[in-house]
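Please read the structure below before turning to the comments.
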Amino acid sequence: MSPADYVILAVAVCAATAIQGSIGFGAGLIAAPVIALIAPDLLPALVVLLACLVTLLVTIRDRASLDLRGAAWALVGRIPGSVLGAWLAVAMSTAALSWLVAASVLIGVGSAYLGWRPAPTRPALITAGGLSGIMGTATAIGGAPMAIVWQGQPPARLRATMSAFFLVGSIVSVLLLTVAGAVTTTTLTAFLWLAPVVLLGFAVSRLLNRFLDARRLRRVALAAASGGAVLLIVRLAVGG
């Protein structure tokens, strides 16, 4: 990648981390389409590695509001879902994976806009966890199922519970992707370059929590994610 590519990735990762730290999800929605445009070979491993860092930071910050029981039931579904997602990540071509990323973003955004609100029962949490494991490991975009189930929670509880769930889930996904050969030296190098950007984005999220309305910020995140997915689809269509 060129220096300009790294700058673009850094801006996207900073924005993605700030959104994730403010509303509890959205890092994959924002970052994955940009990475798919610039360096598709880094997907999904790079976003999952970055997710480990940002979710750790948010979990520590908002730990007092964490719903451990809810996160645990969701993880019952996440782990087997991650196994299937890891297989998809290595079995699919780069182009097919990019199409799956774009589709996952648009499905996630559409679900958020439709406002579907299922009750967070145990079966719903396990099912959402499984879908999140498949999508999160295969495409690095696994927030939508959990956001739908937990969307009625207070902001701090939503951030803490989703972050704890994604922290454990992302660690599992990284291990499975490593075994599958999807975590390369190039991926690790990119992660080390972008890790300080995650810290910056996390600091920005604290300011966003103080000064910006969460609903308005969520709309901006969804709009940005939609734009990234559309750009990715256009590039795939033209290149294909």
Side-chain angles (χ1 to χ4, degrees), residues 16 20 24-29 31-33 35-36 39-56 58-59 66-108 111 118 120-150 161-188 190-191 229:
Q20 178 92 19
F25 74 102
L29 286 172
I35 294 174
D41 55 308
L42 295 178
L43 284 176
L46 177 59
V47 179
V48 179
L49 282 167
L50 294 171
C52 290
L53 180 54
V54 64
T55 53
L56 174 63
V58 179
T59 300
L66 174 60
D67 175 14
L68 279 174
R69 182 173 296 179
W73 280 112
L75 284 168
V76 171
R78 169 85 191 206
I79 294 173
S82 297
V83 174
L84 178 55
W87 176 79
L88 288 173
V90 296
M92 298 175 70
S93 67
T94 300
L97 190 57
S98 295
W99 277 110
L100 186 57
V101 166
S104 298
V105 169
L106 294 179
I107 290 171
S111 300
T121 60
R122 289 179 183 177
L125 288 171
I126 294 172
T127 301
L131 292 172
S132 178
I134 296 170
M135 295 170 61
T137 307
T139 70
I141 304 169
M146 304 316 307
I148 290 171
V149 172
W150 278 327
T161 306
M162 288 190 70
S163 295
F165 166 79
F166 287 129
L167 173 59
V168 176
S170 295
I171 291 172
V172 171
S173 295
V174 167
L175 292 175
L176 290 170
L177 289 170
T178 301
V179 171
V183 179
T184 64
T185 20
T186 305
T187 308
L188 293 174
F191 168 72

Ala91: side-chain contact (heavy atoms from CB on, under 4.5 Å) partners, not counting sequence neighbours:
Trp87
Of all residues at least two apart in sequence or in a different chain, which pass the side-chain contact (heavy atoms from CB on, under 4.5 Å) check with Leu188?
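Counting only residues at least two positions away or on another chain, Leu188 forms a side-chain contact (heavy atoms from CB on, under 4.5 Å) with Leu49, Val183.
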Nearest 0.5 Å please: distance from the [atom1] atom of [X] over to the [atom2] atom of [Y].
X	Y	atom1	atom2	answer
Arg69	Arg122	CZ	CZ	7.0 Å
Leu46	Ile35	CG	CD1	4.5 Å
Met135	Leu100	CE	CG	8.0 Å
Gln20	Leu53	CD	CG	11.0 Å
Thr55	Phe165	OG1	CZ	11.0 Å
Phe166	Phe25	CZ	CZ	9.0 Å

Min side-chain heavy-atom separation Leu125-Thr121 under 4.5 Å:
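No, side chains not in contact.
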Determine whether Leu177 and Pro44 make a side-chain contact, defined as any pair of heavy atoms from C-beta on separated by less than 4.5 Å.
yes
Under 3.5 Å donor-acceptor pairs involving side-chain atoms of residues 71-81, not counting sequence neighbours:
from: Arg78; atom 1: NE; to: Ser82; atom 2: OG; distance (Å): 3.3
from: Arg78; atom 1: NH1; to: Ser132; atom 2: OG; distance (Å): 3.2
from: Arg78; atom 1: NH2; to: Gly169; atom 2: O; distance (Å): 3.4
from: Arg78; atom 1: NH2; to: Ser173; atom 2: OG; distance (Å): 3.0

Minimal non-hydrogen separation, [X] against [Y], with atom names:
X	Y	answer
Thr137	Gly85	CG2-C, 3.7 Å
Ala32	Leu43	O-CD1, 3.7 Å
Cys52	Val174	SG-CG2, 3.9 Å
Ala128	Val149	CB-CG2, 3.6 Å
Gly136	Val48	O-CG2, 3.7 Å
Pro33	Gly28	CD-O, 3.7 Å

With sequence neighbours excluded, give me every side-chain hydrogen bond (donor to acceptor under 3.5 Å, both in side chains) pair touching residues 44-54.
none
side-chain contact (heavy atoms from CB on, under 4.5 Å) partner of Leu176, chosen from Leu84, Val90, Val83:
Val83
Residue list, side chain to side chain donor-acceptor pair (under 3.5 Å) with Thr187, at least two apart or on another chain
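If we apply the side chain to side chain donor-acceptor pair (under 3.5 Å) test to Thr187, skipping adjacent residues, the hits are Thr184.
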Side chain to side chain donor-acceptor pair (under 3.5 Å) partners for Thr178, two or more places apart:
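Here no residue qualifies.
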